[in-house]
Amino acid sequence: MKRKKFFSIIFVLIFATACEDFLDNPPRGYLTTGSFPTSKEDAELATNGVYNTMRIWNFHSGGYPIMDIMSDEALKGSNPGDGTFLRDYEQFTFGPTEGSFNRWWSTLYQGIRRAHIVMENVPDIDMDEALKARLIAESRFLRGFFYFELVKAFGDVPKVTSTDPDASLPRSPAEEIYQEIIIPDLEHAADVLPLRSGYSTSDLGRVTKGTARGMLAKVYLFRHDYETAADYALQVIESDEYELQDDFAEVFDVNQPFGSGSLLEVGAVPESNYFNGGNQYANTWGVRGEPNLGWGFGRPSYELIQFFEDDPRKDQTILFLNETIEGVTILGDDSTPDTTYSEENPDEIVEIECYNQKTFAPGSEPRHSYGVNRMILRYADVLLMAAEALNETGQSGEALTYLNRVRERARGDNGDVLPDITTTNQAELRDIIIEERHRELALESHRYFDLVRTGKASEVLGPYGFEEGKHELLPVPQNAIDMSEGMIQQNEGY
Amino acid sequence: MENKLLTAFKGVLILVIIIWSAGHLKAQQRTITGTVFDAETSETLPGANVVIKGTQQGTMTDTEGRFTLQISESNVTLVISFIGYEKQEVTVTGNKDAYEIALQPKAKSLDEVVVIGYGTVKKSDLTGSVSSMKGEELTKISSANPLEGMQGKLSGAQISSGSGEPGSSPIVRIRGVGTLNNANPIYVVDGVILDDISFLSSNDIESVELLKDASATAIYGSRGANGVIIITTKSGSAGKEPSISFKTEYGVQQLEKKIDLLGGRAFAEALNDISPGTINNLDAVDDFDWQDAIFQENPVMQSYDLSVSGGSEKLDYYLGAGVFDQEGIIPKSQYRRYNLKLNTNYEAREYLTFGLNLSGAYTDDENAPNVVGAAYRAWPIDTPYDEEGNFAEVQGNGNPLAAIEYTNNNSKSYRIVGNLFTEIDILENLRFKTSYQFDLRQSKNRSFSPEYFVSPTQQNSRNSLSISFTEDRTWIWENTLNYDLDTEDHTVNAVAGFTMQERFYESPNITMYRLVREDPLFWHFNASLTDTVDVSSNLGDAFKNSMISGLFRTNYTYKSKYLATVSVRTDGSSKFNKEDRFGVFPSFALGWNVIKEPFFPEWDALDQLKVKGSWGIIGNEKINWYDRFSLIGSNYGAVFGHPEAIRPGATFFSAGNQNLLWENTKQTNIGVEFSIENDKINGSVDYYYKLTDDILVMLDVPGFYGFGSFQQVRFNAASVLNTGVEVDLQYNNNFGDLNYSISATGSTVHNEVKELGATTPTDSVIYGGGLANGDRVTATRVGESIGYFIGYEIEGLFQNEAQLEQYPRLSNQDVGDFIYKDQNGDGEITPDADRVRIGSPIPDFTFGFGVNLSYKNFGLSFDLQGQTGNEIYNAKNQTRFGIYNFESRVEDRWQGEGTSDYEPELDGRAGNYQQSEYFIEDGSYLRLRSLVISYDLPESWMEQAGIASANLYLRGTNLYTLSGYSGYSPDLGGSPLSSGIDSGIYPVTSMYTMGVNIKF
């Protein structure tokens, strides 16, 4: 009897000690989305997190320079047996299941989500209003920019405007994305963001008023609204915040980040770990073998080499074998043939081993190339956009001013080459400006879409396999279509 | 005076007679006769063996159970034995010539006790579906992990070896694939619920019970849905002489077969096909066999086990200690384990018992360099070394020998699993037990990568050392009350209990670079030498999980004829949010010992016939602690400024789903058990129907959610049905001195997805089986089995230009490439419409067959095991990021019109390397899993040495596998959505072992 009582007491105690609290286990070491961002520090962290997207390797068109390989500026690269899937980009035989599209698409939306975290939560934080406005404007710029990349590449895309999108979204027309997201975001940024000179040296690289205006110029150029494009481009030019650096090579100097011509640049430090600030972008292009063991993809095409002729920018864009740069002699790679001849005509060169000089970084370890900053928007581009837009609106004379500034800088001390352009014939000037873009912005992933938007893609890229009515856009990733249960349709032709 | 003399003479005479008799006895032959009969039924036993102990002399009883034996010595012991009975020894005394010998029947399988959750039950009273095997059967396979010994022995269990790396754990599936996330069963060792048993040595295991149906597993509620394997370890016996046993084994391993790959010249020809003119002089190319290069010759396995068990009246103990050491077929993949087992019970008072079950293991594991894929891909025209003896660049996937050289990855871990309990007999029928259980794991992984350069894609610019520490502790407090009532007609057994448990896990990882020396002495952290230090941790770092449960079960039998079981369990888990935390899991079972019914015809031979049925609900919560939380990570900085510096950033890290619910399985089981002719034949047949709902599965989320490439979220997304039949048969008999037993098990599985939920972004198909190149080769869809393979069907090859117009093709296909079937006839080959089901990794039928023979001192046993009806996806052949070596079937490739209609040309394009039936192979196999020849040394030798018994044996494991698969081994296993995919798995090896087992 005594024993019974004893045990019943124990039982009660046992049950009493077991309360619901025992089953409440919050995460250790991680914040949950409900609790971030809530302070001024959080707001800055969250905004930096949006910028961080641009260092994710898959941000660069899925990790490989497919946009350059698809254009006439670059070939697959590396040795013949490496990365054979990239040959499909040279020859326009790729399909929607090729992984690069899915990675690029997912990474752009990843950036968009990060921007939404700021846009949804920072307005409620009790902090300095000016800083708050700036951080929100930076995030809105980046969101607009990410959407611009999406519609350029894929056309109509799902419209996501919060961190809690519908489970199933259709593709919204590109026009809607432009009207509702891209243009309003960039315009807001252009209003609120400070001028470049408004940032301290340690904040260089953050997006500025000029960045937003320059991006708007590009957006309107793609929309064939040349008047507005010219307007924005001129605003940047006339703000006197930017100028061309004296030497073309300075633009890409690893030791001169965020130079006077830089409107949007992805900052990186020479760390082999993305989390520590490195960016694998340049390593993918980098010289094989010495100095720092790059992968060598996106090899400058033989067409590009011949096209440059005596343009001084040739030597600053392309690294040839046996060239010496920053004390390093470029020997390339044993498994890559120095010269490749055509199968049909053994005297015809189709490829020589060479590399992108714009992404070169001295330094003996791969991590040194991780410190190269990728240029997304620079002043020379803005000048050329101004020229193009002015030409299209009949102001060819004014267009020449800006075009020739770019050529003047490229000429450098070499007085004989790149004479100033004088023609004011709209059609002639149009072609010259596109060509100048080809020279100035080679291997910076601009060429392909420049050809598409000016209607020249068929002419220039047709011989390689470009099909009109299909290849103006990339295919929507097969994964996105598989998961949409029919809500998302594929682009024409794929 | 005369009387005294007479007495004395009588005495002397008697003495003389006695002495004479004794002497005479010694010298004379005697005839001993006897009758042998069954102690219970008094029936005589014909054919029983009667042998003089220590000799080969003996005879057999006749049809009347009688025997006659001539003996010539006086001190003789007869040993009488008969199958199904306990051996008996009878000492022949001087004055008795005729003996009546009663043999005790061996505990019949019916009377055997079966271990079920939280108790035991007599087999004849069992209503649930349970497969069992004895510990000694496990020791027939030389392996560190006892699960290997269960392959093919437990009906309902499909055990795949998976990787052959020493120390790896097999993949276990019970009654099909029940869920899409973690389909592993749970293990209960000495009452402690665990998720793996790699720390146990087979030698310490007494018996294994596999609980399969709802009635048996519902008591484990939330974790029983995938089956429960209960392991009972050995214990001592009170009041017996301590017995000591020592066992040692030594074995060598061999690769069972190599993969057929191209040699140097054939590969050079292939290169020329892809890109004409690549190799100009075909005769001058090297021919290097990379498989031979990476696999070692005859790696060794050895093990030593010692156990002592015994006890006094109140205390019993079992102590086991062992060492297991296995070199791998690939260098640097050795596994060594030291293990200790201690089980003891102490009866402090008549009503009070204390007990302790303790297992400990220390393992030292070299983790294999990942070179199987590299050896498969390496160009055979490349050799590993250059002229100076340094590692040369090897095209394909890098130089495998260099990869082995530069990999240094070792894990050392401690594991202690234990159960400390007290049992108190409160009343005569009521017992209370409280036990404190724990599972403590600590491990450290050290990985060092030196600075090296072999080629641009195979190099490391600065040396690095990564050390990760893992701590994983679980404690469980369990309290149960057991009630037993045994009257003439009724028996009732009830158990009620309450448990609480908590698990804590943390795993930091630190990497440092540029160690000043690369020597192993320096593979430790030292702050002064660091260049930069990366501190990172996996998502799994630092969590705590807890659970509270209540359980109840009662077994009732009426006149040993009608059986009923009811059980219910409720579990609350911290993995779910407050509203959905608790799940309730009931079950009911009924059984009927038909044979005991008066109306049942008298059939002497039939000993047992039982019919049983059960239904119940069991749950599963094997998801990660963070699956319901959306988390922010803080490692997302951005670089600004001049000079550039990284500024901290934090943003979205992973997505969670707060509406997660318990997964639950409803299972119905109907079975028949029978036993014929005194256990000569016994067996069972079960039919099961298992429906799992609200399956928790990680799903891809559309890219526009912005979780990033490759991110997934957990949803309750599906319903799956598994149904099938299991058969267990055993036949025991003897033919004179030859005893034999044959056992066979077979299980069928029909697996079908019933529903894919509406709460998820996709409600019609889940793609899985992601390969390295992003292809998804499995799909899960309503109406089909889980994770079936999808791809293009092949109709032939494009033989000429004209055919290119006739059939649709991918844009990177040309003459000589596959003609993929245009399933929907739309004139295009698209992944959407034209990828169809091309196979399934789930077998239709798994089986095991074993034979045990023993003849006097010799024993022979062999086990066969296999499965049919499943396919394998040869992923390693499909995912190519460059030009790799090829399997030798490409020698039949198309090289012009009409030269082949199934093997495409080699053209370096990706058109033929899409997911298609070309990469599907038959995964059925029949394997001779073990063959053991053993010999018991004669008892006479043993007695002289003071040894009770000694057994020598030779054993072959995985001797031969009959299979159509081209890869190393066909039993791949895998997770539910990615099963049966070979991406370069470590081969399973054959092993030849010899061993000796001595008992003192």
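A, B, ... follow the sequence lines: proteins, then strands. Residue 1 opens every chain.
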Legend entry - Electrostatic pair A:D24-B:K544, nearest N-O below 4.0 angstrom: no
Inset, instruction - Go through the atoms of A:V160 and report whether side chain, backbone, both or neither lie under 4.5 Å from a heavy atom of chain B. - result: side chain
Legend entry - From CD (B:Q458) to CG (A:L293), nearest 0.5 Å: 12.5 Å
Inset, instruction - Using a 4.5 Å cut-off on heavy atoms from C-beta on, say whether the side chain of B:M500 contacts that of A:F22. - result: yes
Inset, instruction - Please examine the side chains of B:Y636 and A:R114, heavy atoms only from C-beta on, and report whether any two atoms are closer than 4.5 Å. - result: yes
Legend entry - A:N52 CG to B:I646 CD1 distance, which is reported to the nearest 0.5 Å: 7.5 Å
Legend entry - Interatomic spacing from OG1 in A:T84 to CG in B:N812 - rounded to 0.5 Å: 10.5 Å
Inset, instruction - Check each atom of A:L169 against the heavy atoms of chain B and say whether the ones under 4.5 Å are side chain, backbone, both or neither. - result: both
Legend entry - Under 4.5 Å from a heavy atom of chain B, the part of A:Y199 involved: neither
Inset, instruction - Report the distance from atom NZ of B:K575 to atom CG of A:L23, rounding to the nearest 0.5 Å. - result: 12.5 Å
Legend entry - Heavy-atom proximity to chain A below 4.5 Å, by part of B:F707: both
Legend entry - Heavy-atom side-chain proximity of A:L150 to B:F704 below 4.5 angstrom: no
Inset, instruction - For B:R647 and A:S202, indicate whether the former's side chain and the latter's backbone hold a donor-acceptor pair under 3.5 Å. - result: yes
Legend entry - Audit row: A:Y494, B:T830, side-chain contact (heavy atoms from CB on, under 4.5 Å) steps and yes/no: CA-CA 8 Å; A:Y494 288 105; B:T830 50; over 6 Å; no
Legend entry - Heavy-atom contact with chain B under 4.5 Å, split by part of A:I117: side chain
Inset, instruction - Under 4.5 Å heavy-atom distance to chain B, tell me which part of A:N373 shows up: side chain, backbone, both or neither. - result: side chain
Legend entry - Part of B:Y767 within contact of chain A (heavy atom distance under 4.5 Å): side chain
Inset, instruction - Could you look at A:A46 and say if it's the side chain, the backbone, both or neither that has a heavy atom under 4.5 Å from chain B? - result: both
Inset, instruction - Search all heavy atoms of A:P257 against all heavy atoms of B:G641 and return the closest pair with its distance. - result: CG-O, 4.3 Å
Inset, instruction - Ignoring hydrogens and angles, tell me if any N or O in the side chain of A:N48 forms a donor-acceptor pair with the backbone of B:P648 under 3.5 Å. - result: yes
Inset, instruction - To the nearest 0.5 angstrom, please state how far the OH atom of A:Y109 sits from the OH atom of B:Y705. - result: 13.0 Å
Inset, instruction - Tell me, for A:D333 versus chain B, whether the close heavy atoms (under 4.5 Å) come from the side chain, the backbone, both or neither. - result: side chain
Inset, instruction - Under 4.5 Å, counting heavy-atom pairs only, tell me which of A:P165, A:A268, A:G205, A:P80 racks up the most with chain B. - result: A:A268
Legend entry - Pair B:R462-A:S272, side-chain donor/acceptor within less than 3.5 Å: yes
Legend entry - A:F275, part contacting chain B, at a heavy-atom distance under 4.5 Å: both
Legend entry - Spatial distance of atom CG (A:L45) from atom OG (B:S634) [nearest 0.5 Å]: 8.0 Å
Inset, instruction - Please determine, by modelled atom types, if B:Q395 and A:N79 share a side-chain donor-acceptor pair under 3.5 angstrom. - result: no
Legend entry - Residue part contacting chain B, namely of A:R103, when any heavy atom lies under 4.5 Å: both
Inset, instruction - Grab the two heavy atoms, one from A:T32 and one from B:L631, that are nearest each other, plus how far apart they are. - result: CG2-CD2, 3.9 Å
Legend entry - Contact check, side chains of B:R880 and A:F85, non-hydrogen atoms, under 4.5 Å: no
